[in-house]
Amino acid sequence: MKNAKILIVDDDPDLRQALRLRLRANHYETINACDGYSAIAQAYKERPNLIILDIGLPAGNGFVVLDRLQKDDKLSTIPVIILTARDPQSTEKLALRAGAAAFFQKPADNAELLGVIKATLAQAESQTGLPS
Amino acid sequence: MNHGSTNVLLIEDNPGDADLVRLRLVESNPLVNVSCANRLSDGITSLKEHAPSLVLLDLNLPDSQGAETFRRILEAAPDVPIVILSGQDDQALAIKALHQGVQDYLLKNGLTSSDLDRTMRYAVERQALLRSLEMSRKQQLEFKNQFLSHVSHELRTPLTCIHQYVTILLDGLAGEMKPEQRDHLTTILKSVNQLGAMVRDLLEAARAESGKITLELQCVAIEEIMRQAVTMMQPTASQKGIGLEVGAETSLPFVHGDPDRILEVLINLIDNAIKFTPAEGAVTVQACRVPTDPNFICISVADTGSGIAPEARALIFERLYQDPNAVDNNRKGLGLGLFITKELISLHGGRIWVASDGASGSTFSFTLPLYSLPKLLFSVVVHEGRLRSAIVLLRVDLRRRSKATTRSWKEICRRTRERLERCVYLDKDLVLPLVNMGGSEQSLFVVASTDMERSVIMIARIREQLNKLEELTANGDFEISAAPIPLPEASPEPSLAQQVEAVAERVTNLTQAAVGGKNSSNVESNSERTMP
């Protein structure tokens, strides 16, 4: 099987780099976006298997990105994992309602995050084969 | 009053007294506008219509007497200054009135117009002052919370960066580490985690203080949460050479609470216990019924640590308290943990206390309310003082298809329940709490105040809503059914509470029969429960 491609969306370059290192070490292919606008553009161009999305972003925050992804037939099947510094009590439900597959507050536990990435990818793969 | 027209509402049933007071009022201010009410109920109606700037209140009225009179008027108009005009010189009652928010207590006898005028003016001023103080206190609290929420968010970003790169180094993603370097990095990681916990506590304490913590109440199997907490804290305990276990206790009833918050409370108490216990010590978590209070369960975390001095015992639940004698100074926190714990428990309606003899350790105990179906049902199945004429139990069975992870399946069950709550009328239907989630099958129940005929409409509404719930339809199937709940005989006139209890018992039997045979979940009353 080809390595899954993950789009990392975060406005902090150091964090993007750290996530890239971590994901590559786990045999994922990664691509980046630093704001909401380029996140949509990258998703459209690269068709990643999964998106890790921050909420506080310039040029369209994470909710705007989620909404755009959900409304696009070609992109709505890509699972999104939210990774944000924001308070889960106020944002977790909103994010899950908006269509996110999972929510993590920064700093997230690496093993747990990787576990959810793996499970989410497996689930998405099994569903694309099914008629929806 | 001196300035312009003032609206005064006089609530007084004696016409002679009313005329006298009216005269005194007009003497001091010809422009005063007095409206009169001779019953409290009329006065309260008039309050809403005329929005008076002050209320003059007699306490003994045809429809209300004494303290009850000012209590009701304060409830109806908390912002209007109230001055009591009484025939009795009752000091105790006067003090009580002032404590509850009345501005003054005057005697009708020998009342002069200038005294009355002065009293009224000061009352209006004091009330306005109080209101503005209250406003600015609220604003300050709001500002503080916004500030804390902002700060904790901003602190998290650099914290995450440190956490990420330290773990990258530790995991060898940037080359092998020498053992000594690894040791140092482990120390950094420990501190980073501590910092993360402090940032979390900061926000949580601010939230607790402003009443912004919300509980998601469920029917909770407490021993499961105790075991979960002990499993999670086991590594910390064994690292320090401390034994940590759940004390033996069988047959515990269900608790009505938020499982995540109860877990948080237990972890906090266990973490504290480990912190203050030297190596070779032991920490035990236990639960038992409270003989004196049958509606609560008592859970305790006991350690064999250094104990708590009597003078400190009263302080430890306060914000920012830190024990100067902590065994392990390396692991100091912000001093918010027990404050948050206390707040979480009082939100549940329980209480927390500590017992310590100073030598052989301390025991923190807290109570949580038992899950009581009759209590939950009462407001739903009773209408206008009587049991409703028909009640139906709706059942929604969810079955997970193998793909969903346990974590997401639990979330799906929770969201399905939320969706159900939006399909029902909250004053006449009750979606029963989820029990023991985790299996691949989950039954949800709704007690609905309707008959079988009309329940069809409700089922159609629920089906429509659940079909729209994509995460559910993508990961599982659901099935909806309904059964009537037989109502108890109204004769030989059992009390309403007994009737509701009978309904609760039938609901329990029906839900148990529905899920019986499966080992996944069951809702039952707490009265006679034995653990399998």
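Throughout, a chain's letter reflects where its sequence line sits, starting with A, and its residues are numbered from 1.
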**Student:** Taking all non-hydrogen atoms of both residues into account, name the closest pair between A:P107 and B:T160 and its distance.
**Tutor:** N-OG1, 3.5 Å
**Student:** Got more than 12 heavy atoms from elsewhere within 6.0 Å of CD, B:E479?
**Tutor:** no
**Student:** Less than 4.5 Å to any heavy atom of chain A: does that hold for the side chain of B:L203, its backbone, both, or neither?
**Tutor:** side chain
**Student:** Please classify the contact of A:A101 with chain B as side chain, backbone, both or neither, using a heavy-atom distance under 4.5 Å.
**Tutor:** neither
**Student:** Just grab all the salt bridge (Lys or Arg N to Asp or Glu O under 4.0 Å) pairs involving residues 191-204 of chain B, residues at least two apart or on different chains.
**Tutor:** B:E204-B:R207, B:E204-B:R261
**Student:** Quick one: which residues of residues 6-31 of chain A reach chain B at under 4.5 angstrom, heavy atoms only?
**Tutor:** A:D12, A:D14, A:L15, A:Q17, A:A18, A:L21, A:R22, A:A25
**Student:** Please list all pairs meeting salt bridge (Lys or Arg N to Asp or Glu O under 4.0 Å) that have one or both residues in residues 34-53 of chain A, counting only residues at least two apart or in different chains.
**Tutor:** A:K5-A:E46
**Student:** Checking B:N193 against chain A: side chain, backbone, both or neither under 4.5 Å from a heavy atom?
**Tutor:** neither
**Student:** May I have the step-by-step check of side-chain contact (heavy atoms from CB on, under 4.5 Å) for A:N110 and B:H163, ending in yes or no?
**Tutor:** CA-CA 10 Å; A:N110 291 311; B:H163 179 264; 4.3 Å; yes
**Student:** Under 4.5 Å, heavy atom to heavy atom, which residues of residues 143-156 of chain B contact chain A?
**Tutor:** B:H153, B:R156
**Student:** Around atom CZ of A:R68, are there more than 12 heavy atoms from other residues, nucleotides or ligands closer than 6.0 Å?
**Tutor:** no
**Student:** Should we say atom OH of A:Y37 is surrounded by more than 12 heavy atoms from elsewhere, each under 6.0 Å from it?
**Tutor:** no
